[in-house]
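Read the structure below first, then the notes.
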Amino acid sequence: MRLSKYFLVTTKETPADAEVVSHQLMLRAGLIRKLGAGLYTWLPLGLRVLQKVEAVVREEMNRAGALEVLVPPQVPAELWQESGRYEKYGAELLRFKDRHQRDFILGPTHEEVITDMARRDIRSYRQLPVNLYQIQTKFRDEIRPRFGVMRAREFLMKDAYSFHLDEADLMREYRNMREAYRSIFTRIGVDFRIVKADSGAIGGDRSEEFHVLAASGEDLLAVSDGSGYAANVEAAETRPQGARGAAVAALEKVSTPTQKACEDVAALLGIPLAATLKLIVAKGRDGGLVALALRGDHVLNAVKAEKHPLVAAPFTLASDAEIRAAFGSEPGFLGPVGAKIPLVADHAAAALSDFVCGANETGFHLRGANWGRDAAEPPTADLRNVVSGDPSPDGQGKLTLVRGIEVGHIFQLGRKYSEAMHMTVLDEAGKEIVPEMGCYGIGVSRIVAAVIEQCNDAAGIVWPEPLAPFRVIVCPIGLEKSPAVKQAAEKLYEELAAAGVEVLLDDRGLRPGPMFADADLIGIPHRIVIGDKGLANAQFEYKRRGAAEPAMIAAMAQAVLERIKIAA
RNA sequence: CGGGGUGUAGCGCAGUCUGGUAGCGCACCUGCCUUGGGCGCAGGUGGUCGCAGGUUCGAAUCCUGUCACCCCGACCA
């Protein structure tokens, strides 16, 4: 491609509203343009990258035995009502009516549509297992779109759905997809981790996420330094650590007139935050309230809490009025001593002795409180987010927290959708059974942003070879002035193109400064500079994007081909 | 949705407090010049100042309303 004929619009200045580096670079390099909040046009250069990602995903899915389909993004509401998600999915679901006032949605994911298709056409165990996937635009009315294509209202997703006779076969395909995903992200060339995850709105039994590691990631991951354990903090577990110390101190009431938060109480009393205990009051499954006890320095994990049999799902905090009625105290002064509602303690909170907690009396806390002596021995559970330094749940090593961008998610759905939508097949014995399902998603457009987050420097994007929109850029110096340079550049360009290399020729006649700046910004992996100086010695200059120094090579297409072969 | 902020040329911004002929840099166009890291000179295109209403002789500027966008919190590929 000749740059003089290409739609390349780069900018030196960073758009004011782009926060993260990938968004800034995608705008500056002319990959995308914004249409509205969370809506982006892919320009020619960006689309090439998107299609590269798509191609890798498609190849690996096909290789893994999945079959590509394409379903309509517009879905009649009835299907979603049948699964119960029309109500449950909430405001994020884009809904509309057609001219006949029929309700439709724009698909944010397609379990219902695929299951509907499958229940009509899959009647026999002979047709199982099957794994159907598509690569298609998904629609979500995001609460807050941000970071460019990282969190958009429309995004390109690969979604796959598998159907199985039994759980064992679902497990087999789940592992198969896990390996396919591993191949995809390895080929793309990013540093990624597979982590245990919460299933969220998709539902189901077991799931894992694939994360690209990046400081700007929206997710926190807990990774063990002594084993392969890794989990999203939403789902990360830890094990109870250390035995409770002896109760030594006497129970004593202290005045804390304005100190509501544990931080303030700890500061007032001059004690570590970890020696305080707080209560969080939530709605209980029986319709009443339940108190959750946590160490002052820990944070409640609502996903874990709502799985506890005493806690209502979805997790809902009690109102201030409900708290006053149950405790006779303002929120901020609650404690387990004398509490009259059921109480569950996090393992770490239950391991405290001589701790400080609210006195259930506005303006007062207790110090020297102890379980068993001052408050009943509580049932314990894992209720909190893990913190850096917690022991890994497998007993090997400690957890550290890192940030990641979720680019893939695989689920064992079980029978959630097949049951709700009455899908059955006949097994070998002629008996009707409900198939097991799995589903597997990849955020194709998000990958582009995630890769840039990981692969950039001060000059711009540094594409991994497999995603680069073009592999080689030819930069002639003094194009208009030197017939020798012009001729050599044209010849090299033609020869590389003939050899099947995706090559850009910068024939815009720019001075070297802006020409090099653009080449760096758009991140082309291999740059060939042709100038009179080099040609005098029959040499081109070769520079790998990101390399410190250029090298001189023979002024022949063959020499270039050898270079890029070695580098690839 | 709650909290904070911004809307002036394609991009980055000044001007708004204190009303009086709409500006700067970059980009873009023309010509000359220049060619190894975002040259130089000269000339030029482009904005009903987010939108609507109001106050005023006069509004980018003051008032009211409205819309859009961005940032911080609960969601997810």
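Below, chains carry the letters A, B, ... as their sequence lines are ordered, and counting in each starts from 1. Being a predicted model, the structure only gives us computed values, none of them experimental.
With hydrogens and angles left out, the side chain of A:R527 and the base of B:G37 share a donor-acceptor pair within 3.5 Å. For A:D219 and B:C76, a side-chain-to-base donor-acceptor distance below 3.5 Å is present, hydrogens and geometry of angles not being considered.
Nucleic acid contact class of A:A450 (heavy atoms, under 4.0 Å, all strands): none.
Within the structure, every side-chain polar atom (N or O) of A:R28 is placed at least 4.0 Å from both OP1 and OP2 of B:C11. Look at A:K34 and you'll find a side-chain N or O under 4.0 angstrom from OP1 or OP2 of B:C70. One finds no side-chain N or O of A:R144 lying less than 4.0 angstrom from the OP1 or OP2 phosphate oxygen of B:C75. Considering only side-chain N and O atoms, A:K12 lies nowhere under 4.0 angstrom from the phosphate OP1 or OP2 of B:G38.
Set against B:A77, B:C70, B:G37, the side chain of A:D17 has B:C70 as its closest nucleotide. The side chain of A:R146 sits closest to B:G73 out of B:C76, B:G37, B:G73. In the set B:C11, B:C75, B:U34, B:C75 carries the atom at the smallest distance from any side-chain atom of A:E92.
A stacking contact between A:F516 and B:G38 is absent: the pair does not combine a ring-centre distance of less than 5.5 Å to the base's six-membered ring with planes differing by less than 30°.
Annotation: cation-pi pair A:R95/A:Y86 present, NZ/CZ under 6.0 Å from the ring centroid and within 45° of its normal. Geometrically, A:R446 does not engage A:F155 in a cation-pi contact defined by less than 6.0 Å to the ring centre and at most 45° from the axis.
Aromatic ring centres of A:F139 and A:F96: separated by at least 6.0 Å.
The nucleotide B:A42 finds its pairing partner in B:U30, both defining distances of the Watson-Crick or G-U wobble pair being shorter than 3.5 Å.
B:G50 and B:C13 are spaced 15 Å apart, taking the P atom of each and rounding to whole Å. For the P atom pair drawn from B:G3 and B:G65, the interatomic distance equals 15 Å after rounding to whole Å.
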